[in-house]
Each structure stands twice: as structure tokens, then as C-alpha cells.
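Take a look at the structure set out below.
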Amino acid sequence: MPAKLVVEGLTHHYPDEYTGESVHALEKINLEVDEGELVTVVGPSGCGKSTLLNILAGLLPYREGIASVDGVQISGPGSDRGVVFQEHAILPWRSVAKNIGHGLEIKGMAKEEREARVKDFVDLVGLSGFEDKYPHELSGGMKQRCAVARTLCADPVIMLMDEPFAAVDAQTRITLQEELNRIAIATKKTIMFITHAVDEAAFLGDRCFVFSARPGRLKAIVNINIPRERRIWADMNADEEFVSSRDEILRLVREEVSVAVEE
Ligand SMILES: Nc1ncnc2c1ncn2[C@@H]1O[C@H](COP(=O)(O)OP(=O)(O)O)[C@@H](O)[C@H]1O
Ligand SMILES: [Mg+2]
């Protein structure tokens with residue numbers, strides 16, 4: 001089966017209007033994400049992770065290279081790609097249920113069908129009982145659950161996530177990671193998850209793409225062969241596959257950080 005997401009020779013420079021010098025953010029990225037796969041992308045700060053995600057989301061135009069979903073070249077935002085950012089992408093004036101169903105409303109789905117679907121996703125992300133709350137009444141973790149449900153509910157081909165759990169406290173982050181794993185099992189959604197946290201990259205990824213320091217290159221791919229059903233934080237420190245994958249990713253990222261410091 002052809003890959004869901006294909007990126008070939010993707011290079012990106014940001015122009016600097018003032019100095020005339022450009023920032024070289026990405027260099028010849030080649031990667032593929034298969035259907036139902038959850039890949040993590042990890043790399044030092046400033047290596048171009050968000051640049052890649054914004055290009056894939058269709059928010060940032062690109063000139064060099066190719067990026068396509070289901071064989072269709074990316075040339076702007078589209079409902080085939082759902083995006084979750086670190087900042088909660090939910091509308092403050094809409095309730096949880098109305099946020100989650102927003103995409104379906106725009107598509108013109110009938111009310112009954114929409115409400116049934118919204119209920120499934122409210123349950124899936126553990127927000128039952130909070131359907132009628134507004135974002136200001138929710139904790140950071142709940143807002144992020146709402147953002148994830150809102151994106152999933154629109155049924156994108158691929159979900160693109162840029163450090164979605166970076167701003168919540170450590171305990172909530174662990175819960176959200178386990179929940180995303182459960183969601184991956186339940187929905188079999190194709191997901192690209194960007195993070196700078198090595199533990200998170202190893203816990204969530206079927207494969208982890210490790211990026212070099214800027215300009216970001218795909219430096220290595222680490223396979224993490226742990227069945228999703230076994231991915232529970234309480235068991236991970238005793239899981240040899242997890243520990244060896246995490247240590248390998250950590251080693252690869254550390255090399256980059258020391259390269260950046262030495263330069
Ligand atoms: N709009 C922009 N204009 C110029 N440079 C940018 C812009 N956005 C990001 N950059 C630069 O591009 C590089 C990659 O940024 P980014 O993709 O945000 O990295 P990451 O998400 O991995 O931390 C950084 O050096 C950053 O300063
Ligand atoms: Mg970023």
C-alpha cells in the first residue's frame with residue numbers, strides 16, 4: 001500500500017527582509033508515513049520541526065521538494081489534514097461539544113448524526129460530563145483533549161501534532177500520552193507527532209524520526225517495536241525495548257545538541 005504521507009527532497013529557507021540573509025530551516029527531507037502509523041519527530045529546538053509541520057498543514061508555502069497526502073500534493077490547508085498545536089486550538093465562545101462538532105457543522109452534517117458522532121469523541125477523550133462547559137472552565141489537559149477530539153471528529157486522513165502536550169504539567173502529560181496511545185489503538189489514525197521530549201517520542205512512536213540541528217535533516221529513524229496495548233508508563237522502565245529505543249534516541253539527539261554548542 002502506498003504511504004499516506006510522502007515528503008521528498010523538502011528544503012526550506014525563510015527569507016529575512018531586513019538583512020537579506022535567509023534562515024536555512026530544512027534540508028532535503030525525505031520521509032514516508034504509512035497508513036495507521038504513529039511517527040514521532042524529535043530534534044533540538046530550532047531544527048525545523050514546526051517548519052515541517054506548518055508546511056504539511058499547508059500553512060507555509062514551500063518551493064523546493066514535494067509533500068503529498070494520498071498522492072495529492074499539498075498546496076494549502078485541507079480537511080485531509082487535522083492539526084493540533086501546543087496552544088489549544090479551540091474556540092472560547094463555544095462549548096466543548098460545539099467545539100468538537102464544529103468541523104462537522106461546517107461540512108453540513110445533520111444535527112442528529114453530528115451529535116451522535118460528537119458523543120463518541122467526547123467519550124473517547126474522556127470528557128464525558130463536560131460537554132456543556134466552556135474552554136475557560138477547563139484545565140489545560142482538558143482543553144488539549146478537546147482540541148484532539150475536535151481534530152479527530154472531522155476524520156482527517158492524517159493528524160499532525162506539534163508539541164501538543166508541552167505546556168501541561170508532568171502528571172497530566174503522562175495521562176495525555178497514554179490517552180493518545182489508546183486513541184491510536186481505537187481509531188488506527190495516521191499520526192505525525194512532533195516533540196522535543198525523547199521519552200515522549202519513544203513512548204508514542206511506532207517509528208521515531210530524529211532530526212539534526214538546523215538546518216534540519218532526517219538524521220536517523222529508530223523503530224520502537226512495542227505493541228500499543230503494552231504501552232503503559234508504569235511498565236516502561238522495565239521494558240527493554242522501550243529503554244533501548246529511548247537511549248538510542250537520546251544519544252542521537254545529544255550528539256546534535258553538542259554539535260550546536262561547539263559551533
Ligand atoms: N517565520 C520565520 N522567519 C524566519 N525564521 C524563522 C521563522 N520561523 C522559524 N524560523 C527559524 O527557523 C528555524 C526553525 O524553526 P522551527 O521550525 O520553529 O524549529 P523547531 O520547531 O524545531 O523548534 C529556527 O532557526 C527559527 O528561528
Ligand atoms: Mg517548534
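All ligand and atom numbering here is 1-based and tracks the order in the structure.
For ligand 1 and Arg214, the ligand atoms under 4.0 Å from any heavy atom of the residue are 13 (C), 24 (C), 25 (O). Close approach to Ser45 involves these atoms of ligand 1, each under 4.0 Å from a residue heavy atom: 23 (O). Within the listing of ligand 1, atoms 14 (C), 15 (O), 16 (P), 17 (O) sit less than 4.0 angstrom from a heavy atom of Thr51.
Ion pair Lys189/Asp155 flagged as a salt bridge, since at least one NZ, NE, NH1 or NH2 atom sits closer than 4.0 Å to an Asp/Glu carboxylate oxygen. For the pair Lys119 and Glu115, the salt-bridge criterion is not met [side-chain N within less than 4.0 Å of a carboxylate O]. Ionic pairing of Asp169 and Arg173 is not present here: no N-O contact between side-chain nitrogen and carboxylate oxygen is shorter than 4.0 angstrom. A salt bridge links Arg94 to Glu105: one of the charged nitrogens lies within less than 4.0 Å of a carboxylate oxygen. The pair Asp206-Arg228 meets the salt-bridge criterion, since a charged nitrogen lies less than 4.0 angstrom from a carboxylate oxygen.
Of the listed options Ser50, Gly216, Ala213, Ser50 places a heavy atom closest to atom 18 (O) of ligand 1. In this comparison of Gly48, Pro215, Gly46, Ser22, the heavy atom closest to atom 13 (C) of ligand 1 sits on Gly46. For the residues Ile194, Leu26, Val23, the heavy atom positioned nearest atom 11 (C) of ligand 1 is part of Val23.
Contact annotation: Thr51 places no N, O or S atom under 2.8 Å from the Mg ion (ligand 2).
Geometrically, ligand 1 and Pro15 share no nitrogen or oxygen pair separated by less than 3.5 Å. At a 3.5 angstrom cut-off on N or O pairs, Cys47 counts as close to ligand 1.
In this structure, atom 16 (P) of ligand 1 is in close contact with the protein, since a protein heavy atom lies within 4.0 Å of it. Atom 26 (C) of ligand 1 is not flagged as protein-proximal [any protein heavy atom, distance under 4.0 Å].
Taking the six-membered ring for Trp and the full ring otherwise, the centers of Phe203 and Phe193 sit at least 6.0 Å from each other.
Ring geometry for Tyr134 versus His136: interplanar angle under 30°, hence parallel rather than tilted (30 to 60°).
At a cut-off of 3.5 Å, with distance as the only test, a side-chain donor of Asp123 or Ser128 sits close to an acceptor on the other residue.
The nearest protein atom to atom 9 (C) of ligand 1, hydrogens excluded, is given as Tyr14 CE1, 3.5 Å; this is a heavy-atom distance.
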